[in-house]
Amino acid sequence: MNAPVPSNSTQVENAKLLIDGRWVESNTTEWQDVLNPATQQVLARVPFATLEEVDAAVQAAQRAFTEWRQTPIGARMRIMLKLQALIREHSKRIAAVLSAEQGKTLADAEGDIFRGLEVVEHACSVGSLQMGEFAENVAGGVDTYTLRQPIGVCAGITPFNFPAMIPLWMFPMAIVCGNTFVLKPSEQDPLSTLLLVELALEAGIPAGVLNVVHGGKEVVDAICTHPLIKAVSFVGSTAVGTHVYNLAGQHGKRVQAMMGAKNHAVVLPDANREQTLNALVGAAFGAAGQRCMATSVAVMVGESRQWIPQLKALAEQLKVNAGSEPGTDVGPLISPRAKARVEELIESGVREGARLELDGRGVKVPGYENGNFVGPTLFTGVTTDMRIYTEEIFGPVLVVLEVDTLDEAIALVNRNPFGNGTGLFTQSGAAARKFQSEIDVGQVGINIPIPVPVPFFSFTGSRGSKLGDLGPYGKQVVQFYTQTKTVTARWFDDASVNTGVNTTIHLR
Ligand code: NAD
């Protein structure tokens, strides 16, 4: 088998497609470089697959479905048990590749893998997750029960910011439920995803059950319109997610689209000051702000506004450097384009009258002069009509708004169209209870800045951050990846009395 991911050799190699259990070189003429965001070193080239290659991957998945759907639950679970062991074993190696291609620190890269690994662990309990229901004697001698059956070929389209966790949200749960899968990783950093797929094959996933195609809009559109694909999971920006949701929906598919965000942290003056400020700084600037659950807005309530100078002082101490360097807090952004966009948004904040307390533009990192670095950036005096408030920046930029009461803070958060995550910092149980009840955001943290649920719950972003009713992982994704069939059954006992013809709709 050809390795899917280039080795350490100095020669730049091509990322492979996985079709029907074989790693193959694409026939395409369109390629993109995978660049190290700290150096611009070319790590590999990624193909934009042809439509024939996408079709070949889907056809392979369709063929494999016939046998895979009949594979016993225990056999499917044991593959996931092996996969979780392999991911643990190779975690450091994958983290090094992930950090090099994505830019995040090694510790954060390991976290990216670990949060995905937890989903694989959860997939090992599919036996109970996929159980149906049974009601005995719903009428005389009649039982009703449900089967949760796989739906067929499913597809996943993933973003650049979590190249391990998000693919692992998708294919393990889809496959363990008896489906087959076509994965389209981010073209910006597909290498660590490919290492995980290679481990999945080593764990025993049969040929055709998991396939990989690379590309951009053309490949995504081919997935969304392919007649054999039954369900599409998307994670990425709001613009693309809305397009995917509409296109795949028009073509009769189930779709879940997890999209952009603007996550508010509301700080009450009774909160633990040190813990709160540390949490804000970590959640705003960690991973260079390229987390969909990053805190991008701090809402300081009442007297807590006096903490802003301390917030700035903490942000100033963060070390900007390549993710591979020890002690780095803030790595580079994914691309020169992303850096230019973030800098342009910072400029818009200045133009629109916000106070730029800390400016991360123009930061110089010795030894990494070509990196896409933007340092921690802090705005105060922000109003809700400014672009730095209305747009997802997806960089290390925290905007601070000030209000007088918790009610005002809740109203402010609820007026924002996004609903991915929010947090409240307080020592008051009554305030926390009011907040969790009245806030219209799908994931709430109480003294927790990035409230991403563990895999036995589901990821439940809401409103403008999500399209489709069922979220990734947990019980919801088992529903997403299965079709419920309800059986109503009567078995006649030969000795039973003949009940005669019944022309009503009632069961007796
Ligand atoms: P993106 O939307 O640019 O790309 C996501 C996927 O869509 C990639 O695989 C890409 O190849 C494909 N794509 C890009 N342009 C396309 C087009 N025009 N038509 C069809 N497909 C296209 O997102 P990104 O920049 O990789 O990731 C960052 C975004 O993802 C942020 O908005 C972030 O908030 C969001 N995100 C959301 C969650 C969540 O759970 N809500 C999680 C992670 C990231």
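All ligand and atom numbering here is 1-based and tracks the order in the structure. For the single chain, residues carry numbers from 1 onward in sequence order.
Shown in contact with M259 at under 4.0 Å from a heavy atom are these atoms of ligand 1, numbered in order with element: 34 (O), 37 (C), 38 (C), 39 (C), 41 (N). The ligand atoms of ligand 1 that sit less than 4.0 angstrom from a heavy atom of W169 are 40 (O). The F459 neighbourhood of ligand 1 comprises atoms 40 (O), with distances under 4.0 Å to a heavy atom of that residue. Less than 4.0 angstrom separates some heavy atom of N420 from each of these atoms of ligand 1: 41 (N). Under a 4.0 Å criterion applied to the non-hydrogen atoms of G260, ligand 1 contributes the atoms 32 (O), 34 (O). Against a heavy-atom cut-off of under 4.0 Å, I157 is close to the following atoms of ligand 1: 6 (C), 7 (O), 9 (O). The V220 neighbourhood of ligand 1 comprises atoms 20 (C), 21 (N), with distances under 4.0 Å to a heavy atom of that residue.
Looking from atom 27 (O) of ligand 1 to the surrounding protein, the closest heavy atom is P159 CB, 3.3 Å. Ranking protein heavy atoms by distance to atom 28 (C) of ligand 1, first place goes to F394 CE2, 3.6 Å. In this structure, atom 35 (C) of ligand 1 lies nearest to the protein heavy atom G236 O, 3.1 Å. Of the protein's non-hydrogen atoms, T158 O, 3.2 Å is the one closest to atom 8 (C) of ligand 1. In this structure, the protein non-hydrogen atom closest to atom 11 (O) of ligand 1 is E187 OE1, 2.6 Å.
When all heavy atoms of N420 and F459 are compared, the closest pair comes out as OD1-CE2, 3.8 Å. Residue A95 comes nearest to A109 through the heavy atom pair O-CB, 3.6 Å, listed as atom of the first residue, atom of the second, then distance. For the pair V153 and V182, the tightest heavy-atom approach, listed with the atom from each and the gap, is CG1-CG2, 4.2 Å.
Relative to atom 38 (C) of ligand 1, the option among C292, G215, G156, P185 with the closest non-hydrogen atom is C292. Distances from atom 15 (N) of ligand 1 to the heavy atoms of D189, V240, V244, I334 put V240 nearest.
On a distance-only criterion, F160 and ligand 1 share at least one N/O pair closer than 3.5 Å. Ligand 1 has no N or O atom lying under 3.5 Å from any N or O atom of F162, backbone or side chain. Among the atoms of K184, some N or O lies under 3.5 angstrom from an N or O of ligand 1. No N or O atom of K217 sits closer than 3.5 Å to an N or O atom of ligand 1. For ligand 1, one of its N or O atoms has an N or O atom of S237 under 3.5 Å away.
Under the 6.0 Å cut-off for aromatic ring centres, H122 and F457 do not qualify, their centroids lying 6.0 Å or more apart.
Within 4.0 Å of atom 4 (O) of ligand 1, not a single protein heavy atom is present.
One N or O on the side chain of E53 and one on the backbone of T50 form a donor-acceptor pair closer than 3.5 Å. Using a distance-only test at 3.5 Å, with no hydrogens or angles considered, no donor-acceptor pair links the side chain of T105 to the main chain of G323. Judged by distance alone, with hydrogens and angles left aside, the side-chain atoms of T460 form no donor-acceptor pair with the main-chain N or O of Q443 at under 3.5 Å. Side chain of E357 to backbone of L378: no donor-acceptor contact under 3.5 angstrom is found. Side-chain atoms of H264 never come within 3.5 Å of backbone atoms of V299 as a donor-acceptor pair (strictly under, hydrogens ignored).
Residue N161 touches ligand 1 through its side chain alone, judged by heavy-atom distances below 4.0 Å. For E392, every heavy-atom contact with ligand 1 shorter than 4.0 Å involves the side chain, none the backbone.
For the ring pair (Phe, Tyr, Trp, His ring centres under 6.0 Å) condition, no pair includes a residue of residues 219-251, sequence neighbours left out.
Ion pairing of R115 with E118 is present here, as a side-chain N (NZ or NE/NH1/NH2) and a carboxylate O approach within less than 4.0 Å. Between E347 and R361 a salt bridge is recorded (basic side-chain N to carboxylate O distance below 4.0 Å). Between D108 and R291, at least one side-chain N (NZ, or NE/NH1/NH2) sits under 4.0 Å from a carboxylate O, which counts as a salt bridge. Salt bridge annotation for E352-R387: absent, with no cationic side-chain nitrogen under 4.0 angstrom from a carboxylate oxygen.
Annotation: side chain to side chain donor-acceptor pair (under 3.5 Å) contacts of Q41 (sequence neighbours excluded): none.
Residue-ligand proximity: A239 is placed with every non-hydrogen atom at 4.0 Å or more from ligand 1. Using 4.0 Å as the threshold, F418 has no heavy atom nearer than that to any atom of ligand 1. Assignment of I166 to the shell around ligand 1 is supported, since a heavy atom sits closer than 4.0 Å.
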